[in-house]
2 protein chains.
Amino acid sequence: MGMSGTSGQLNPEWDVDRMGEKSSSDGTVGKALDVLDQVAEFGRPVRFSELLDGSPYPKATLYRLVQTLTNQRMLHFDPERGTYAPGFRLVRLAHAAWEQSSLAPIARPHLDALSARLGETVHLAQLDHGQVLYVDKRNAADPIEMFSQAGKVGPAYCTGVGKAMMAFLDGAALDQVLDRQSWHRFTDTTLTNRAALRAELGESRKRGYAFDREEHEPGIICVAVPILSGSGRVLGGLSVTTATNRKSLDDLARLAPELQATAASIADEAQNWRFPDEPSHTKISAAE
Amino acid sequence: MGMSGTSGQLNPEWDVDRMGEKSSSDGTVGKALDVLDQVAEFGRPVRFSELLDGSPYPKATLYRLVQTLTNQRMLHFDPERGTYAPGFRLVRLAHAAWEQSSLAPIARPHLDALSARLGETVHLAQLDHGQVLYVDKRNAADPIEMFSQAGKVGPAYCTGVGKAMMAFLDGAALDQVLDRQSWHRFTDTTLTNRAALRAELGESRKRGYAFDREEHEPGIICVAVPILSGSGRVLGGLSVTTATNRKSLDDLARLAPELQATAASIADEAQNWRFPDEPSHTKISAAE
DNA sequence: AAACCAAGTTTCATTATGTGAAACCACATG
DNA sequence: CATGTGGTTTCACATAATGAAACTTGGTTT
């Protein structure tokens, strides 16, 4: 409830806009992962035939892909129902992704502290493919672990963390993200076009933090700050969420300094952190 | 650091025991996923060259695989350090896996209740590839730092949930799991061979629940029960963990009935649950 | 029963894809 | 400026993926 939950408005069919861009461009592996995505997107275990119609691949090809994925435990086949669902191997791999990300493990104690001190819901998010990916979360009362809520994605254009992060992107990167927004109107305060959002992002940047004024869910508001690297790159976002019947936007605004301080320490640690036996780096081609 | 996989050693080589069995047998996709596993197993971001030595694949091939995976956002490349880590797409996919599994989402409220009532750490786990996969977790009111987390895997032969589940497997399935144990001696109560474990499993089965008597971590004990389907199939395991300085094994034993009751309701719900618009059987037709 | 249908599985000639030794590049270092 | 190391690209070649079509299985209708 408190959070998004809405992968909803995005209901992309197989081929919508992924033609030349990313998916099946690179070989068999791309196709297999494409299929994996499709199964995941169904939101429930699926039959082979359900996958088939709507799939760009012919029967035999799809069949082989699904077989391979099942073999590899990326998909799980339920023989009783004849359905496929994303497999557990993914969970193990995702755990590795989480642990190895430079942000989440480092931020963990900070979230604990913040959550304890404020007593409100705290989110840690990163931008992923134009969407907000919640990588960790603390509930007001009880701390919830990883995949219960974290792992979920939400829209960027109408959430606090999303806007906080976008506000600090430079032109090119920002455009990419803007291109991926769905601009669905969730509430009557939702900003539903680039111009409106751009203006808002400008203000947020000046201010140093962003609000969510019930733009995603009625009654839910939040303040969010970006987590910025020394060079100003956006590493992630941090937010405190509450309900309008508990706190006002002004109340939340007063929490901004504390959030920023936390964000700063996270960024700091993230940059200096070395994994146990990581070979000290020889500088590689600079990003630009 | 104890990653304690089945391999059990710090630097597991590529091809150790996965030759004929599973990995690269099925085509390019298999190889790509193999590489993905390797990156994950490193436990930290890796350089290309680090992957290369120890890889069965020649430079160019490995390079292409890594490129493809990065392209697909299954790997994330850090240009500053020149390293690869498991990518966020995995987290999204894993979330789908979690949500679609018949156990975890259903068990969630039960875990909440149990955790609130007992005030101790609660685990929900499933058997995956011979290991215990923790699919959800609630921390104790006063959390003890211990090594489990949702998404993490652990050994089956020396954990409460592991033993509770194994105790209710039939011959063939049990053997498969036993074959995958590493029998590493974590503490001096760890059971380090099949015979000892088999005896223990027998008792646990009779008793209806299993203990962990500091077999995995000193000072950490637990009771665990299996979650069994109507037909007796092992769906998962449920445990309460505590520290020896807080509770005794006898204290824990007294919680067993409550655990069993919870397990029973979870099993019950899991069996009857239908996803929203899951086709009951045969044809799906859908809109057309 | 026979005929039918839909989901799932296998075949096999064709072709696209992946392969990997070796060459190449870019940078750092002695 | 020679040498080394990590990373990237090439290209002739072999393998692996493709997909139309045929086949199997199991349930439903005539």
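Naming: A, B, ... by sequence-line order, numbering from 1 per chain. A quick note: this is a predicted structure, and the numbers were derived from the prediction, not measured.
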Visitor: List the residues meeting ring-ring contact (aromatic ring centres under 6.0 Å, His included) with Phe168(B), not counting sequence neighbours, and say none if there are none.
Guide: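 Checked Phe168(B) against ring-ring contact (aromatic ring centres under 6.0 Å, His included); zero matches.
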Visitor: Over how many whole Å does the gap from Leu52(A) atom CG to dA20(D) atom C1' extend?
Guide: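 The distance from CG of Leu52(A) to C1' of dA20(D) comes to 14 Å, rounded to the nearest Å.
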Visitor: With Ala164(B), which residues qualify under side chain to side chain contact (heavy atoms under 4.5 Å, CB included), at least two apart?
Guide: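 For Ala164(B) the side chain to side chain contact (heavy atoms under 4.5 Å, CB included) partners, ignoring immediate neighbours, are Ala210(B), Ala224(B), Pro226(B).
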Visitor: Please list, chain by chain and in numerical order, all residues satisfying salt bridge (charged side-chain N to carboxylate O under 4.0 Å, His left out) with Asp268(B), sequence neighbours excluded.
Guide: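 Once residues adjacent in sequence are excluded, Asp268(B) has no partner under the salt bridge (charged side-chain N to carboxylate O under 4.0 Å, His left out) criterion.
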Visitor: Side-chain N or O of Arg47(B) less than 4.0 angstrom from OP1 or OP2 on dG7(D)?
Guide: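 So the side-chain polar atoms of Arg47(B) do come within 4.0 Å of the phosphate oxygens OP1 or OP2 of dG7(D), strictly under.
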Visitor: Output every pair passing salt bridge (charged side-chain N to carboxylate O under 4.0 Å, His left out) with a member in residues 225-238 of chain A, not counting sequence neighbours, ordered by first then second residue.
Guide: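 Listed by first then second residue: Arg233(A)-Glu80(B).
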Visitor: Atom CZ of Arg81(B) and atom P of dG6(D): how far apart are they, to the nearest Å?
Guide: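 Spelled out: CZ on Arg81(B) to P on dG6(D) is 18 Å.
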Visitor: Quick one: side chain to side chain contact (heavy atoms under 4.5 Å, CB included) partners of His76(A), sequence neighbours excluded?
Guide: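 Scan of His76(A) (side chain to side chain contact (heavy atoms under 4.5 Å, CB included), adjacent residues dropped) gives none.
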Visitor: Could you tell me the separation between the CD atom of Glu50(B) and the C1' atom of dT5(D), rounded to a whole number of Å?
Guide: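 Interatomic distance, CD of Glu50(B) to C1' of dT5(D): 14 Å.
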Visitor: Inspect the surroundings of CD in Gln67(B) and state if more than 12 heavy atoms from other residues, nucleotides or ligands are less than 6.0 Å away.
Guide: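 Counting other residues, nucleotides and ligands, CD of Gln67(B) exceeds 12 neighbours.
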Visitor: Could you go over nucleotides 17-24 of chain C and give all protein N or O partners under 3.5 Å, atom names and distances?
Guide:
from    : atom 1 : to       : atom 2 : distance (Å)
dG18(C) : OP1    : Thr28(A) : N      : 3.0
dG18(C) : OP1    : Thr28(A) : OG1    : 3.4
dT19(C) : OP1    : Lys31(B) : NZ     : 2.8
dT19(C) : OP2    : Arg64(B) : NH1    : 3.2
dG20(C) : OP2    : Thr61(B) : OG1    : 3.1
dG20(C) : N7     : Arg64(B) : NH2    : 3.0

Visitor: In whole angstrom, what separates Tyr63(A)'s OH from dA21(D)'s C1'?
Guide: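 Going from OH in Tyr63(A) over to C1' in dA21(D) covers 16 Å.
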Visitor: Return the value, rounded to whole Å, for the distance between atom CD of Gln67(B) and atom P of dT9(D).
Guide: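 It is 7 Å, rounded to the nearest whole Å.
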Visitor: Do any side-chain nitrogens or oxygens of Ser49(A) fall under 4.0 Å of OP1 or OP2 in dG8(C)?
Guide: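 For Ser49(A), the contact criterion (side-chain N or O under 4.0 Å from OP1 or OP2 of dG8(C)) is met.
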